[in-house]
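One structure is given below, encoded as C-alpha cells.
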Protein chains: 2
Amino acid sequence: MADRVGSGAMSLYWHVDNKEAVFDLALDTVLEYRGPQQKAEPQDWRGEVLHMLEDWRASMLRHPWSASLLPRRALGPNILNRLELLSKTLSAAGVGDADLNAAIWSLWNYVMGATITRASFDFLDADRAAAQQRLTSLSERYPTIESSHLLLDDDWDGAFRKGLGFLLDGLPLR
Amino acid sequence: MADRVGSGAMSLYWHVDNKEAVFDLALDTVLEYRGPQQKAEPQDWRGEVLHMLEDWRASMLRHPWSASLLPRRALGPNILNRLELLSKTLSAAGVGDADLNAAIWSLWNYVMGATITRASFDFLDADRAAAQQRLTSLSERYPTIESSHLLLDDDWDGAFRKGLGFLLDGLPLR
DNA sequence: ACCTGAACACCGTTCAAGT
DNA sequence: ACCTGAACACCGTTCAAGT
C-alpha cells in the first residue's frame, strides 16, 4: 500500500491507527450506494429492493477481499444507509412492524451468504478446468447432487436473482 | 495445538501438511450431521429442513472460528452430505427440478449469512453494555432502523427461524 | 505537521539431525 | 516411523529521530 502511495511503509501509521482501521475505511467506501439511477416507479418495491441488493453484491464482488471482510467489521455509515433504505422500502411495501426486522435480516443473510460464497469459489477455482474435474468426481458419491449438477451449474447471477425471488415471495405483506 | 497434544510444535508437521489442512479437517469434523433424532413423520419436510439447518447453524456457533472459515474451505464430505440430504428432502416435498438448485443455494446462503453474522457480532460485542451504547448512538441518524430497534433486538435464534420461514414459504412447490 | 529506518514480537514453515 | 530445535522469512507495530 505504501508503494502505491509512494511513501515509506511507516508513514501510513501517521494517518491511520492500524491495519484494522484501513479495512474499516476500505470496506465502507466499497459499499456506498447512490440509489436507483432513474427515479423508479413509486410502487415498484420489488424492483427497488432487487436493484439495491444486486448492486450490493456486485459492489462487493468487484473487490473480493471485501466479502470475507464484511462480517467481522463494524457497521459503517454506508451499510447503515442501505439497511435504512431497505427498512423504508419494505415497510412501505406492506411488511408489518412485527415482521420487519426478521425480513431485513433475512435479506442481509441472503446477500452475505451469496456474496461470500461466490467470492470464495472464485478464489478456489482459479484453475477452471481442474475445478470442474474436482467437482465432478466429488459429486459422484452424492446422487441427487450429481443429477441436478448442483456443483457444476455456474450461472451464479441467475441463481442469485432466482433465490432472492423466492425469499421476496415469502415475505408476508399486510 | 502442540501444547494440547503434549508434543513439540514441529511434530505436527509430520501428521499434516500445513495449517490449511488442519482447518479443512477441523471444519468438516464440526459439520457432521446425524439426522433427526427420532424418525420424523415422512411428510414433515419443513420440520426436517428446519432441523437440519438449525443444527447446521448451531454446530458452527459452537465453534465460532468455523463460521469465518467455511467460505474459503473446500467442500468436505460432511457438507456434501448435508447438501445431498437437502436436495432429497426438497425434491420429495415438491420443488421442481428447474428450481431445485436455486432453492438449495438460497438456503445455503441464508444459513451462511446468518451464522457468519451472528458469530462475528459475538466477537465484536464481547462487552455487552458498551455495544448497546454504541449501537444506540449509531441508530440515531437512521430513523426507520431506530424505531424498529433493528440493531438492538437480540433474539437471534427467533429471527433466524422466522426469516427461514419466509424463505421456505417462498419456495415454489409443484 | 508529517515522514522515516532501525528494531522487536509473532508465527508458519523448512531442514538437518535425532531416536 | 516419528519427533525435535535451530534457523529463516514474513509482517504488523513501536519508537526515537529526522525535516
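Within every chain, numbering begins at 1; the chains are lettered A, B, ... in the order of the sequence lines, protein sequences first and strands thereafter.
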May I ask you to verify if any side-chain N or O of [X] is less than 4.0 angstrom from the OP1 or OP2 atom of [N]?
| X | N | answer |
| --- | --- | --- |
| A:His15 | C:dC3 | yes |
| A:Ser11 | C:dC2 | no |
| B:Trp14 | D:dC3 | no |

Find the distance [X]:[atom1] to [N]:[atom2] and express it as a whole number of Å.
| X | N | atom1 | atom2 | value |
| --- | --- | --- | --- | --- |
| B:Phe23 | C:dC11 | CZ | C1' | 12 Å |
| B:Met1 | C:dT13 | CE | P | 12 Å |
| A:Leu12 | C:dT4 | CG | P | 9 Å |

How would nucleotides 14-19 of chain D be written as a contact map, 5' to 3', with B for base contact, S for sugar-phosphate-only contact and - for no contact, using protein heavy atoms under 4.0 Å? B-----
A cation-pi test, strictly: NZ or CZ of B:Arg57 under 6.0 Å from the centre of the six-membered ring of B:Phe160 and no more than 45 degrees from its axis. Yes or no?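 Yes, a cation-pi geometry holds between B:Arg57 and B:Phe160.
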Which side-chain N or O atoms in residues 5-16 of chain A pair as donor and acceptor under 3.5 Å with protein atoms at least two apart or in another chain?
{"residue": "A:Ser11", "atom": "OG", "partner": "A:Gly8", "partner atom": "O", "Å": "3.2"}

Taking the side chain as every heavy atom from C-beta outward, state whether A:Ser91 and A:Trp45 have any atom pair closer than 4.5 Å.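 Side chain of A:Ser91 against side chain of A:Trp45, heavy atoms only: no contact under 4.5 Å found.
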Throw together a table of side-chain donor-acceptor distances under 3.5 angstrom for residues 161-174 of chain B, partners on residues two or more places apart or in other chains.
{"residue": "B:Arg161", "atom": "NE", "partner": "B:Glu54", "partner atom": "OE2", "Å": "2.6"}
{"residue": "B:Lys162", "atom": "NZ", "partner": "A:Ala98", "partner atom": "O", "Å": "2.8"}
{"residue": "B:Lys162", "atom": "NZ", "partner": "A:Asp99", "partner atom": "OD1", "Å": "3.1"}
{"residue": "B:Asp169", "atom": "OD1", "partner": "B:Arg46", "partner atom": "NH1", "Å": "2.9"}
{"residue": "B:Asp169", "atom": "OD1", "partner": "B:Arg46", "partner atom": "NH2", "Å": "3.4"}

Which residues share a ring pair (Phe, Tyr, Trp, His ring centres under 6.0 Å) with B:Trp56, sequence neighbours left out: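 Partners of B:Trp56 by the ring pair (Phe, Tyr, Trp, His ring centres under 6.0 Å) criterion, ordered by chain and then number, come out as B:Trp108.
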Residues which pass ring pair (Phe, Tyr, Trp, His ring centres under 6.0 Å) with B:His63, listed by chain and number, not counting sequence neighbours: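 B:His63: ring pair (Phe, Tyr, Trp, His ring centres under 6.0 Å) contacts with B:Trp65.
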Can you list the stems that include DNA chain C, where a stem is three or more consecutive Watson-Crick or G-U pairs with distances under 3.5 Å?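 Output for stems: C:4-8 with D:12-16, C:12-16 with D:4-8.
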Does the distance from a Lys or Arg side-chain N to an Asp or Glu carboxylate O, for A:Asp55 and A:Arg34, drop under 4.0 Å?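 Salt bridge absent between A:Asp55 and A:Arg34.
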Between D:dG12, D:dT4, C:dT13, which nucleotide gets closest to the side-chain atoms of B:Asn18?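 Among the listed nucleotides, the one closest to the side chain of B:Asn18 is C:dT13.
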So which atom in B:Thr117 and which in A:Asn109 form the shortest heavy-atom distance, rounded to 0.1 Å?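 Taking B:Thr117 first and A:Asn109 second, the nearest heavy atoms are OG1-OD1, 4.1 Å.
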